[in-house]
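Have a look at the structure below before the remarks.
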Number of protein chains: 2
Amino acid sequence: MKTLRLTMSDRAILLSARFFARLPRTAAEAILEGATVSTHEAHDTLFRQDDPTDDVIVVLSGLVRLFRLGKDGREADIAVSQKGEMIGVNAVFLDRRATANAQAAEPSIVARLEGGKLRQLAAEDSDVAQALLELVCHHGKMTEDCLAEDRLLTAPQRVANYILSHCPIGSESFSFRLPFQKNVLAGKLGLAPEALSRAFSTLRRSGVIVKGRMIEIRDRQALEQF
Amino acid sequence: MKTLRLTMSDRAILLSARFFARLPRTAAEAILEGATVSTHEAHDTLFRQDDPTDDVIVVLSGLVRLFRLGKDGREADIAVSQKGEMIGVNAVFLDRRATANAQAAEPSIVARLEGGKLRQLAAEDSDVAQALLELVCHHGKMTEDCLAEDRLLTAPQRVANYILSHCPIGSESFSFRLPFQKNVLAGKLGLAPEALSRAFSTLRRSGVIVKGRMIEIRDRQALEQF
DNA sequence: CGCATCTTTGAGGAGTCTCAAGAGAGGTGG
DNA sequence: CCACCTCTCTTGAGACTCCTCAAAGATGCG
């Protein structure tokens, strides 16, 4: 891991991230004041569950996996964050202890914002508070979605769902590239890698063609009623 | 369902709820401006998933279950809310559509706050924004906990966990009364009622005694390493 | 006391995990 | 350019957990 200052292009990525994009430029700049950047190898740990921490992390490139550890060492993914997504907001507004482990799932660059500054700005600037509220509500909803999917859907259904969520509405057949390793996708969907593999096998019979990271869908209908 | 005005005791319950308790009295009063109260039978639906809605609900008494429906009609509980807890905050700060179904799990009384007013106050009063942020972060963490438990723990482990969460720290043996039907507990833990029953059977061998809604724990150690 | 509802128990089956081994892809060095 | 190595992914087999359906046993309420 190496620590650096923000470059111009880092700034550009940050300012175009959803959270910052909806803020007035001056507020966004104020938050970035004092931000640092660090690079990480795949499998590097960014922080550990229950560690005291007062940083919010923004992914600039790469992929960060957020997971909890079971007593037996098994891992349960809570979220997988890509470019422009924020991590650790909950902790900063609760007890300043990480709620999960964060690990780079591939070589990654992240920015660290000071939680103290964020709290201060949230208190002073209602635009910032508003943006944070929306962000956290959105995170909450995502987690709810995950929970509901886990409880309601089988493995192939979850995978079908995931694929459909990448499908532009209205198109009958389409294709896209998985944004990360199948390994990581399996974790995100709450499956063992083998289960994901088998799910793809099942979906093959419904017109899903998988070649490496490329996914091709022939018949959207068949997927939807899975 | 009957709709009423706020009584004095309703007000008292609201003001002592966690969210309101940390607000200055005047801010809390401002939010309660225009609130209404309604009573519901068990199994009454308060709102349906995807319904346009701009209310936040506070449970005054009884129990409200929040769940999503699968295509086959199966239900997945997202949360179970008791006296003083708030429902629907996410929706009010996102697209004003309910993210789940809400149903009274027993005869219940709830207050409805106007989402518009809440948004307005959050923008004007940083105390309100702060309190909302903490509330939503807390909800998010709860949901994460649920997700992680689902993925990491077996049925008996989840039940043991639940029991331990009701145990005052430091006590070796203790007992308490379930705050709701086993039916509802099963849903909250993501189990079929039969699975909960069997989990209790398993735990019986580790010193857990179940009589109706009363739970008694003889040996905390045994539970913890389950 | 009787009925409706909730809970427990049993049996069978669907779904997912684990372990183990084989196939494929991508990168490195000769 | 090919052989080799590593890492990822797939496939198979067996075990385990939890669900579903069915029926019997509690519990609570009128």
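Per chain, numbering begins at 1; letters A, B, ... match sequence-line order. All values derive from a computational prediction rather than experimental measurement.
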Measure from the side chain of [X], starting at C-beta and using heavy atoms only, and say which of [options] lies closest.
{"X": "B:Arg158", "options": "C:dG15, C:dC17, D:dC18", "answer": "D:dC18"}
{"X": "B:Lys182", "options": "D:dC9, C:dC6, C:dT8", "answer": "C:dT8"}
{"X": "B:Arg74", "options": "D:dC9, D:dT20, C:dT7", "answer": "D:dT20"}
{"X": "A:Ser197", "options": "D:dT20, D:dC18, D:dT11", "answer": "D:dT11"}
{"X": "B:Arg204", "options": "C:dC6, C:dT18, C:dT9", "answer": "C:dT9"}

Honestly, is B:Lys188 close enough over B:Phe180, meaning NZ or CZ under 6.0 Å from the six-membered ring centre and within 45° of the axis?
no
Does the cation-pi check pass for A:Lys182 over A:Phe200, that is, NZ or CZ under 6.0 Å from the six-membered ring centre and within 45° of its axis?
yes
Output the rounded distance in Å from [atom1] ([X]) to [atom2] ([N]).
{"X": "A:Arg198", "N": "C:dG15", "atom1": "CZ", "atom2": "C1'", "result": "11 Å"}
{"X": "B:Gln157", "N": "D:dC16", "atom1": "CD", "atom2": "C1'", "result": "13 Å"}
{"X": "B:Arg151", "N": "D:dC18", "atom1": "CZ", "atom2": "P", "result": "16 Å"}
{"X": "B:Asp150", "N": "D:dC18", "atom1": "CG", "atom2": "C1'", "result": "12 Å"}
{"X": "A:Gln181", "N": "D:dT6", "atom1": "CD", "atom2": "P", "result": "18 Å"}
{"X": "B:Phe200", "N": "C:dT7", "atom1": "CZ", "atom2": "C1'", "result": "11 Å"}
{"X": "A:Leu196", "N": "D:dC9", "atom1": "CG", "atom2": "P", "result": "9 Å"}

Is it true that the side chains of A:Gln49 and A:Thr99 contain a donor and an acceptor less than 3.5 Å apart?
no
Quick one: list whatever passes side chain to side chain contact (heavy atoms under 4.5 Å, CB included) with A:Leu164, sequence neighbours left out.
A:Arg220, A:Leu223, A:Glu224
Reckon B:Glu194 touches a base, only the sugar-phosphate, or nothing at all at heavy-atom distances under 4.0 Å?
base
When all nucleic acid strands are considered with a 4.0 Å heavy-atom cut-off, which category describes B:Leu191: base, sugar-phosphate, or nothing?
sugar-phosphate
On DNA chain C, compare the nucleotides closest to A:Ala192 and B:Arg213; which residue's is nearer the 5' end?
B:Arg213
Is the distance from OP1 or OP2 of C:dT8 to the nearest side-chain N or O of B:Ser201 less than 4.0 Å?
no
So, is A:Lys211 near the phosphate of C:dG24, with a side-chain N or O under 4.0 Å from OP1 or OP2?
no
With distance as the sole test, does A:Asp219 use its side chain to make a donor-acceptor pair with the main-chain N or O of A:Gln221 at under 3.5 Å?
yes
